[in-house]
*Asks:* 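Got a structure for you, questions after.
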Amino acid sequence: MADPQGKRRRVVAGIVRRGRPQNPALRHGENMLAALVTASALLLAAPGAADASAQTGGTKTKTGSSAHAKAGISRAAPQGTSREAKARSKKALAAGTAARSAPRKAAAPSPAAIQEASGAEARLIAVYELFGRGQARPALAKARELVRDHPNFQLAQLVYADLLATQVPPAHAFSDASGIARLRGDPAMAELREESRRRLQALRERPPAGSVPSQFLALSARSRYAIAVDASRSRLYLLENSGKGLQLVADYYVSVGKSGIGKVTEGDARTPLGVYYITSSLDPKSLRDFYGAGALPINYPNPYDVRRGKTGGGIWLHGTPPQQFARAPLASDGCVVMANPDLKQLLRKVQIGATPVVTADSLQWITPPQAEKEAQTFASTVAAWKDARATGNEAQLKKFYLPDFQRNNNKKSIEGFSVLRDEVEYARGKRVQFKDASYLHWRDGDDTMVATFGEVFEGEKSGRTRRQYWLRQSGEWKLFYEEVLG
């Protein structure tokens, strides 16, 4: 007599095998995780799934409805208990117990560990891992609990439905290959597959341990945290700035513009790329439900964007509407969108005006010594600018400015604006100390630096805080914009 459960597992195994070539070899035993994510597509999403489902009699699943999922499990539980299946389950359980009892090997220290920033995502990954170890029923139980607690988590609903589908004997499943094909071609289903793929990519390709995004060359102690968004991985990384330097403490799945990245004009539905600062925190009570738990505007367009003619505004980090746990990877009008539980964590960390935000297509991670070396090189330019100002040599000082330099949106050029004279008169004869310096480096064809520092003259307790925008031309750094923050 044919074993329907065995046949289904063979079908799933076939789907996994077809998916594996799309995934590079993983490190640290994560291959099972990759296999599971491929398998999570199962009968709806995997390449060739329609054929597979047709061979097995198909199944009928639907995402986005916990009630539907609950109905599914009440049907599936008693049907997946053949004697052979029970024997295999006991064997798998014993294997799992043995695996848990075995001494663990020390983990290699190279990649940064997965941060359990989002409880929901961590639980989803736990489901993946259980299924990847052949523990389908514990995975199903975990998935059921996850969709119970987060019924608006559509990807979790899809994984839950896939797990339910593996429990349904073919003889009792629906032979609706055409319906499955329609679901597979549904744009919403494609978005969930892409969300799953990007979550896995971000969790598989961890930043090297101890590394920092290449934009953060130096960060003042006044900035307790820094944010870096990697659009290619749909990931936001939160770094804490402490006495130990910058350290990755959490990362979250995010959505960006529906037209992608590289915002140029207002309404192009793209997320800007560059280095920015959080400018405010908007009370969710003042916002539509669409923005979820709150919103953190950034200073797009910054002076470098303006210089290049970029337009638009209102770029926020914000949450999701109540009916959605997360949005598709490309779903916003240019904002960076997070799940509300994740955003709430972020809201407790950010400092208005002091938390930098880097948005990049793909982050490059460098070692702290590399960052320090580049910071010191640039710091020598700032020191030379300070010395030229202190000596009162306007001709020497002028070499540090582009002709169209502006300060605080003053439209007068360096020729018409008395900035040089002001600087000389302001600093002449005084000893000044620079402190709390932050250097944010941005390369995208041009080479720019955003430098923020405070200056305190001898005998005074406080002074100006400046934010300067520098552009490297012919190997020399030139100032093109400055903000006096206070």
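Position 1 is the first residue of the sequence; numbering continues from there. Note that this is a predicted model, so its numbers are computed, not measured.
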*Asks:* Is the number of heavy atoms from other residues, nucleotides or ligands under 6.0 Å of Arg466 CZ greater than 12?
*Replies:*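 More than 12 within 6.0 Å, yes.
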*Asks:* Run the side chain to side chain contact (heavy atoms under 4.5 Å, CB included) test on Val432 and Val456 for me, step by step, so that the C-alpha distance in whole Å, both residues' side-chain angles and the decisive distance to 0.1 Å come before the verdict.
*Replies:* CA-CA 6 Å; Val432 62; Val456 179; 5.9 Å; no
*Asks:* Should we say atom CD of Glu476 is surrounded by more than 12 heavy atoms from elsewhere, each under 6.0 Å from it?
*Replies:*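 For Glu476, atom CD is not crowded (no more than 12 foreign heavy atoms under 6.0 Å).
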*Asks:* So which atom in Asp361 and which in Asp230 form the shortest heavy-atom distance, rounded to 0.1 Å?
*Replies:*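 What the structure gives for the nearest pair is O-OD1, 3.1 Å.
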*Asks:* Looking at every non-hydrogen atom in both residues, tell me the closest pair between Leu248 and Pro207 and how far apart they are.
*Replies:*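 Taking every non-hydrogen atom into account, CD2-CG, 4.2 Å.
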*Asks:* Under 3.5 Å, side-chain donor or acceptor atoms of residues 280-294 against the rest of the protein: list the pairs with distances, not counting sequence neighbours.
*Replies:*
{"from": "Asp283", "atom 1": "OD1", "to": "Lys285", "atom 2": "N", "distance (Å)": "2.8"}
{"from": "Ser286", "atom 1": "OG", "to": "Asp283", "atom 2": "O", "distance (Å)": "2.6"}

*Asks:* Strictly distance-based, threshold 3.5 Å: is any side-chain N or O of Asp447 a donor or acceptor partner for the main-chain N or O of Arg443?
*Replies:*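 Flag not set: sc Asp447 to bb Arg443 has no pair under 3.5 Å.
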*Asks:* Any side-chain heavy-atom pair from Ser214 and Ile366 closer than 4.5 angstrom?
*Replies:*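 Yes - at least one pair of side-chain heavy atoms lies under 4.5 Å apart.
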*Asks:* Could you tell me whether the side chain of Asp149 and the main chain of Leu146 form a donor-acceptor pair under 3.5 Å?
*Replies:*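 A pair under 3.5 Å: no.
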*Asks:* Charged N to carboxylate O below 4.0 Å: is that the case for Glu455 and Arg389?
*Replies:*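 A salt bridge is present here (some side-chain N lies under 4.0 Å from a carboxylate O).
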*Asks:* Going from CG on Leu440 to CG on Leu219, what distance comes out if it is rounded to the nearest 0.5 angstrom?
*Replies:*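 Leu440 atom CG to Leu219 atom CG measures 7.0 Å (nearest 0.5 Å).
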*Asks:* How far apart are the C-alpha atoms of Phe216 and Trp365, what are their side-chain angles, what is the distance that settles it, and do they pass the ring-ring contact (aromatic ring centres under 6.0 Å, His included) test?
*Replies:* CA-CA 10 Å; Phe216 297 135; Trp365 297 77; 8.7 Å; no
*Asks:* Side chains of Pro297 and His318: does their closest heavy-atom pair fall under 4.5 Å?
*Replies:*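 No, side chains not in contact.
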*Asks:* Show me the donor-acceptor pairs within less than 3.5 Å that the side chains of residues 306-316 make with the rest of the protein, sequence neighbours left out.
*Replies:*
{"from": "Arg307", "atom 1": "NH1", "to": "Asp404", "atom 2": "OD1", "distance (Å)": "3.4"}
{"from": "Arg307", "atom 1": "NH1", "to": "Asp404", "atom 2": "OD2", "distance (Å)": "3.0"}
{"from": "Arg308", "atom 1": "NH1", "to": "Tyr304", "atom 2": "OH", "distance (Å)": "3.2"}
{"from": "Arg308", "atom 1": "NH1", "to": "Asp444", "atom 2": "OD1", "distance (Å)": "3.4"}
{"from": "Arg308", "atom 1": "NH1", "to": "Asp444", "atom 2": "OD2", "distance (Å)": "3.1"}
{"from": "Arg308", "atom 1": "NH2", "to": "Asp444", "atom 2": "OD2", "distance (Å)": "2.8"}
{"from": "Thr311", "atom 1": "OG1", "to": "Glu266", "atom 2": "N", "distance (Å)": "2.9"}

*Asks:* Is there side-chain contact between Leu158 and Met189, with heavy atoms separated by less than 4.5 Å?
*Replies:*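 Counting from C-beta outward, Leu158 and Met189 do come under 4.5 Å.
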*Asks:* Measure across Gly353 and Arg467 and return the closest heavy-atom pair with its distance rounded to 0.1 Å.
*Replies:*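 Looks like O-NH2, 3.4 Å.
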*Asks:* Above 12 or not: heavy atoms from other molecules or residues under 6.0 Å from NZ of Lys478?
*Replies:*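 Above 12, so yes.
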*Asks:* Could you walk me through whether Arg235 and Glu121 pass the salt bridge (charged side-chain N to carboxylate O under 4.0 Å, His left out) check?
*Replies:* CA-CA 12 Å; Arg235 209 74 182 170; Glu121 184 175 64; 2.6 Å; yes
*Asks:* Would you indicate whether the side-chain heavy atoms of Arg199 and Ile125 approach each other to under 4.5 Å?
*Replies:*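 Ile125 vs Arg199: side chains apart.
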*Asks:* Looking at Trp470, I'd like to know if the NZ or CZ of Arg472 sits under 6.0 Å from its six-membered ring centre while staying within 45 degrees of the ring's axis.
*Replies:*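 No.
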*Asks:* Decide whether a cation-pi geometry holds between Arg348 and Tyr225; the criteria are a distance under 6.0 Å from NZ or CZ to the six-membered ring centre and an angle within 45° of the ring axis.
*Replies:*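 Judged by the rule, Arg348 and Tyr225 form no cation-pi pair.
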*Asks:* Do you know which of Tyr253, Tyr160, Phe325 makes ring pair (Phe, Tyr, Trp, His ring centres under 6.0 Å) with Phe153?
*Replies:*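 Of the listed residues Tyr253, Tyr160, Phe325, the ring pair (Phe, Tyr, Trp, His ring centres under 6.0 Å) partner of Phe153 is Phe325.
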*Asks:* Using only atom types and a distance under 3.5 Å, with no angle test, would you say the side chain of Gln345 pairs donor to acceptor with the backbone of Ala250?
*Replies:*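 No.
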*Asks:* Would Arg327 and Thr320 count as having a side-chain donor-acceptor pair, cut-off 3.5 Å?
*Replies:*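 Thr320 and Arg327 do not have a side-chain donor-acceptor pair below 3.5 Å.
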*Asks:* Walk me through it: do Tyr277 and Ser438 pass the test side chain to side chain donor-acceptor pair (under 3.5 Å)?
*Replies:* CA-CA 12 Å; Tyr277 277 88; Ser438 292; 4.7 Å; no
*Asks:* Under the 3.5 angstrom rule, does the side chain of Lys344 hit a backbone N or O of Leu346 as a donor-acceptor pair?
*Replies:*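 No, because the side chain of Lys344 does not come within donor-acceptor range (under 3.5 Å) of the backbone of Leu346.
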*Asks:* Working to the nearest 0.5 Å, report the span between CG of Leu402 and OH of Tyr469.
*Replies:*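 Interatomic distance, Leu402 CG to Tyr469 OH, rounded to 0.5 Å: 15.5 Å.
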*Asks:* Report yes or no: does Thr367 contribute a side-chain atom to a donor-acceptor pair with the main-chain N or O of Gln370 at less than 3.5 Å?
*Replies:*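 Yes; judged by distance alone, with no hydrogens or angles, the pair exists.
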*Asks:* Do Thr355 side-chain atoms and Val350 backbone N/O form a donor-acceptor pair below 3.5 Å?
*Replies:*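 Judged by distance alone, no pair lies under 3.5 Å.
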*Asks:* If you round to the nearest 0.5 Å, how far is CD of Glu394 from CG of Leu397?
*Replies:*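 Rounded to the nearest 0.5 Å, the CG-CD separation comes out at 7.5 Å.
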*Asks:* Would you say Asn299's side chain and Asn302's backbone share a donor-acceptor pair under 3.5 angstrom?
*Replies:*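 A pair under 3.5 Å: no.
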*Asks:* Would you say Arg407 and Tyr481 make side-chain contact, with heavy atoms under 4.5 Å?
*Replies:*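 Sidechains of Tyr481 and Arg407: no contact.
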*Asks:* Parallel, tilted or perpendicular: which describes the rings of Phe378 and Trp477, with under 30° parallel and over 60° perpendicular?
*Replies:*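 Plane angle over 60°, so perpendicular.
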*Asks:* So, Asn152 side chain and Pro322 main chain: donor-acceptor pair closer than 3.5 Å or not?
*Replies:*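 Pair found, side chain donor or acceptor close to backbone of Pro322.
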*Asks:* Would Lys435 count as a cation-pi partner of Phe453, with NZ or CZ less than 6.0 Å from the six-membered ring centre and within 45° of the ring normal?
*Replies:*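 Relative to the ring axis of Phe453, which defines the angle, Lys435 lies outside at least one limit.
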*Asks:* Specify the closest pair of heavy atoms between Ser362 and Arg233, including all atoms of both residues, with the distance to one decimal.
*Replies:*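 Scanning both residues, the minimum pair turns out to be OG-NH1, 3.7 Å.
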*Asks:* For a side chain to side chain donor-acceptor pair (under 3.5 Å) check, start with the C-alpha distance between Thr377 and Glu374, then their side-chain angles and the critical distance, and finish with the verdict.
*Replies:* CA-CA 5 Å; Thr377 300; Glu374 289 196 45; over 6 Å; no
*Asks:* Working to the nearest 0.5 angstrom, can you tell me the gap between Leu471 CG and Leu479 CG?
*Replies:*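 Leu471 CG to Leu479 CG: 10.0 Å, rounded to 0.5 Å.
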*Asks:* Can you check side chain to side chain donor-acceptor pair (under 3.5 Å) on Gln468 and Glu482, steps first, answer last?
*Replies:* CA-CA 4 Å; Gln468 299 181 331; Glu482 182 182 67; 2.7 Å; yes
*Asks:* Let's go through Trp442 and Leu273 carefully: what are the C-alpha distance in whole Å and the side-chain angles of both, what is the deciding distance for side chain to side chain contact (heavy atoms under 4.5 Å, CB included) to 0.1 Å, and is it a yes or a no?
*Replies:* CA-CA 9 Å; Trp442 181 256; Leu273 299 177; 3.7 Å; yes
*Asks:* If you take all heavy atoms of Asn241 and Ser220, which pair is closest and at what distance?
*Replies:*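 Nearest heavy atoms, Asn241 then Ser220: ND2-O, 2.8 Å.
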*Asks:* Do you know the tightest heavy-atom contact between Phe400 and Thr381?
*Replies:*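 Heavy atoms of Phe400 and Thr381 come nearest at CE2-O, 3.8 Å.
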*Asks:* Is the shortest side-chain heavy-atom distance between Ile261 and Arg270 below 4.5 Å?
*Replies:*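 A side-chain contact is absent here, since even the closest heavy-atom pair is not under 4.5 Å.
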*Asks:* Quick test of your reading of the model: are Glu194 and Arg198 salt-bridged, counting only N-O distances below 4.0 Å?
*Replies:*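 Judged by the 4.0 Å cut-off on N to carboxylate O distance, Glu194 and Arg198 do form a salt bridge.
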*Asks:* Which pairs with one or both residues in residues 257-276 pass ring-ring contact (aromatic ring centres under 6.0 Å, His included), sequence neighbours excluded?
*Replies:*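 Found none.
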*Asks:* Could you tell me whether the side chain of Arg144 reaches within less than 4.5 Å of the side chain of Arg148, counting heavy atoms only?
*Replies:*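 No, every pair of side-chain atoms sits at 4.5 Å or beyond.
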*Asks:* Going through the distances and angles, do Ile298 and Thr279 end up as a side chain to side chain contact (heavy atoms under 4.5 Å, CB included)?
*Replies:* CA-CA 5 Å; Ile298 62 174; Thr279 59; 5.7 Å; no
*Asks:* Just do the side chain to side chain contact (heavy atoms under 4.5 Å, CB included) check on Leu296 and Val336 with the steps written out, would you?
*Replies:* CA-CA 10 Å; Leu296 297 167; Val336 176; over 6 Å; no
*Asks:* With a 4.5 Å cut-off on side-chain heavy atoms, are Arg206 and Asp251 touching?
*Replies:*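 Yes; the side chains approach each other to less than 4.5 Å.
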